[in-house]
Amino acid sequence: MGEEAPEFRVDPITLGSKDCQQNAIVVGDKTYVIGRTDDDSKSSFGIKILDKLTQTWIVPTVLGAQPPSKSHSAILINEEKILVVEKGVSLNDSIWFLEIDTPFVKQQRKIKGLEVVSWSKGVLGVAQKPVVISGPSGVGKGTLIAKLMKEYPSKFGFSVSHTTRSPRVKEIDGVHYHFAGRSKMEQDISEGEFLEFAHVHGNLYGTSIEAVESVTDEGKRCILDIDVQGARSVRASSLEAIFIFVCPPSFEELEKRLRARGTETEEQIQKRLRNARAELDQSNSPGLFDHLLVNDNLEACYENLKKMLSLDDDHKDSDGCFIEDGKATACYSILSKTESEVFLQSETGEVVKGAASLLAVDLSSLTGGAPGRTRGLKIHSINSIDNDLKGIR
Ligand SMILES: Nc1ncnc2c1ncn2[C@@H]1O[C@H](COP(=O)(O)OP(=O)(O)OP(=O)(O)O)[C@@H](O)[C@H]1O
Ligand SMILES: Nc1nc2c(ncn2[C@@H]2O[C@H](COP(=O)(O)O)[C@@H](O)[C@H]2O)c(=O)[nH]1
């Protein structure tokens, strides 16, 4: 165990009214006040920032779904995140992070020109890395993904993108795409709801954070079918994924497949073929794609895809991350922090089945999900009589 980090100061303030509990966290010249307020029987989290240099209060734009706003305790983890532990909810729902200076928050602050913070829910266990599949239009990405989903329906889940293009015959809203109006989609993008977006073949396409996280929350490995610009954006995001580029055996065969599909006009086919040349040129961009997959014979290509995925199969399915005992109502508050762990103490002091009076939250294993989730949480008991917290991996 390391030393207590001296530079982190936490001043929990409980104001007079039992309806309003606030924590003040000092980060450099700023003090973040995280408070629960009850208005008209509705609870919500209020966040204010005191700038000590200018002695002014700032009310930031708050992104992401917020915690249930019961009673909480909070501590600064590092210059990027504050840990907030909710009481009176299940352990699975009790760990939250207020992102104050993560790359995502920095990016949103720049886009909006405003002070921004973002909530991110802590999720127990490590999920398998999402798989990003890119390649020119007509190469067979959708065909390969459909085969994978059919063979492994409980292992893989598809990230349903948003697009402004019109649905094709047989395409179902919410299944193949979320078909969206341009202005609504642009507004949602500006509000930070998208992991990535791109203008592709004359339309706007994008992956919402929710599209990826809802698949991962189900314990499935998420598959994204996105263009090369989108792949580049995901590479630059906090989402750790593997990136596969699907190539055609020849440009002539690509054109043949695109025409045979019969879903585009001649003008659209020409546009897609022009863009295909540019996409193929980028398939070798350094550090972008982990694997190149040639789709000549479909069955052979599919077998190669399966091999690629099992090569990366270093984590077991995330089934079991949501532990039965983690569903019981918990009442933990933050006790102290070291470099790598935060200790939580049960307020009831009871040691009941699957719970413990002292827990350690391991911070070393946190991985970036899409913004909105912090995955890889490990929690273990540090009770001397129960050193192996039942059920928590
Ligand atoms: N290996 C293959 N050999 C021959 N035809 C194929 C092969 N793979 C896919 N196809 C066919 O090529 C056409 C295009 O495939 P698909 O729609 O899966 O491409 P895509 O890469 O998803 O395209 P888009 O990016 O435009 O959505 C389909 O008609 C599909 O049946
Ligand atoms: N950057 C993104 N690209 C996406 C997304 N969803 C799909 N796509 C790509 O668009 C083209 C065309 O698709 P089509 O369905 O109109 O044929 C294709 O290359 C897809 O991979 C997305 O969310 N973001």
Beyond-backbone contact of E99 with I82, side-chain heavy atoms, under 4.5 angstrom: no
Counterpart residues, side chain to side chain contact (heavy atoms under 4.5 Å, CB included), relative to T54 (two or more places apart): D51, T56
Connected-component partners of I111 among ILVMFWY, side-chain separation under 4.5 Å: none
From CD1 (I25) to CD1 (I34), nearest 0.5 Å: 5.5 Å
With F245 via ring-ring contact (aromatic ring centres under 6.0 Å, His included) - residues at least two apart: F289
Distance in Å, I244 CD1 paired with L309 CG, rounded so as to fall on 0.5 Å steps: 5.0 Å
Non-hydrogen atoms of D173 and F179 that approach each other most closely: OD1-N, 2.9 Å
Listed partners of R182 passing side chain to side chain contact (heavy atoms under 4.5 Å, CB included), at least two apart: T164, E186, H199, L204
Sidechain N-carboxylate O distance under 4.0 Å for E171, R165: yes
Pairwise distance CD(E196) to CG(D227) - rounded to 0.5 angstrom: 7.0 Å
Min side-chain heavy-atom separation T216-R375 under 4.5 Å: yes
Pair S208, E193: side-chain N/O donor-acceptor within cut-off below 3.5 Å: no
E266, CD atom: more than 12 neighbouring heavy atoms under 6.0 Å: yes
Distance-only polar pair, side chains of S120 and T374, donor-acceptor under 3.5 Å: yes
Nearest-0.5 Å distance that lies between atom CG in L53 and atom CG in D29: 4.0 Å
Neighbour count above 12 (heavy atom, 6.0 Å) for R261 CZ: yes
Test item: T61 and E115 side chains (from C-beta on) under 4.5 Å apart, heavy atoms: no
Closest contact, heavy atoms only, S159 versus C222: CB-SG, 3.6 Å
Steps toward side-chain contact (heavy atoms from CB on, under 4.5 Å) verdict (T31, I49): CA-CA 6 Å; T31 302; I49 305 168; over 6 Å; no
Pairing residues for K256 by the salt bridge (charged side-chain N to carboxylate O under 4.0 Å, His left out) criterion, not counting sequence neighbours: E253
Non-neighbouring partners of R235 that pass salt bridge (charged side-chain N to carboxylate O under 4.0 Å, His left out), sequence neighbours left out: D290
Considering all heavy atoms, the nearest K337-I77 contact: CE-O, 3.4 Å
Set of residues satisfying salt bridge (charged side-chain N to carboxylate O under 4.0 Å, His left out) with respect to E252, sequence neighbours excluded: none
Flag for D362-S364: side-chain donor and acceptor within less than 3.5 Å: yes
Counterpart residues, ring-ring contact (aromatic ring centres under 6.0 Å, His included), relative to Y205 (two or more places apart): Y177
Pairwise ring-ring contact (aromatic ring centres under 6.0 Å, His included) hits with a residue in residues 87-122, at least two apart: F45-W119
Residues clustered with L114, ILVMFWY side-chain links under 4.5 angstrom: none
Pairing of K378 and E341 as salt bridge, 4.0 angstrom limit: no
Side-chain H-bond candidate by donor/acceptor type, N78 with E80, under 3.5 Å: no
Basic-acidic side-chain contact under 4.0 Å: K184, D188: yes
Partners meeting salt bridge (charged side-chain N to carboxylate O under 4.0 Å, His left out) with K112 (sequence neighbours left out): none
Any side-chain donor near an acceptor of the partner, Y302 and E151, under 3.5 Å: yes
Any side-chain heavy-atom pair of L288 and V228 under 4.5 Å: yes
Pair K81 + D101, salt bridge at N-O below 4.0 Å: no
Interatomic distance, L280 atom CG to Q282 atom CD [nearest 0.5 angstrom]: 10.0 Å
Sub-4.5 Å side-chain heavy-atom contact between K271 and N275: yes
Non-hydrogen side-chain atoms of R257 and N295 separated by less than 4.5 Å: yes
Side-chain heavy atoms of L76 within contact of I100, under 4.5 Å: yes
Approximate separation, where rounding is to 0.5 Å, of T102 OG1 and E79 CD: 11.0 Å
V132 side chain near I242 side chain, heavy-atom distance below 4.5 Å: no
E255 and R259 ion-paired at < 4.0 Å: yes
Qualifying residues under ring-ring contact (aromatic ring centres under 6.0 Å, His included), relative to H162, sequence neighbours excluded: H178, F194
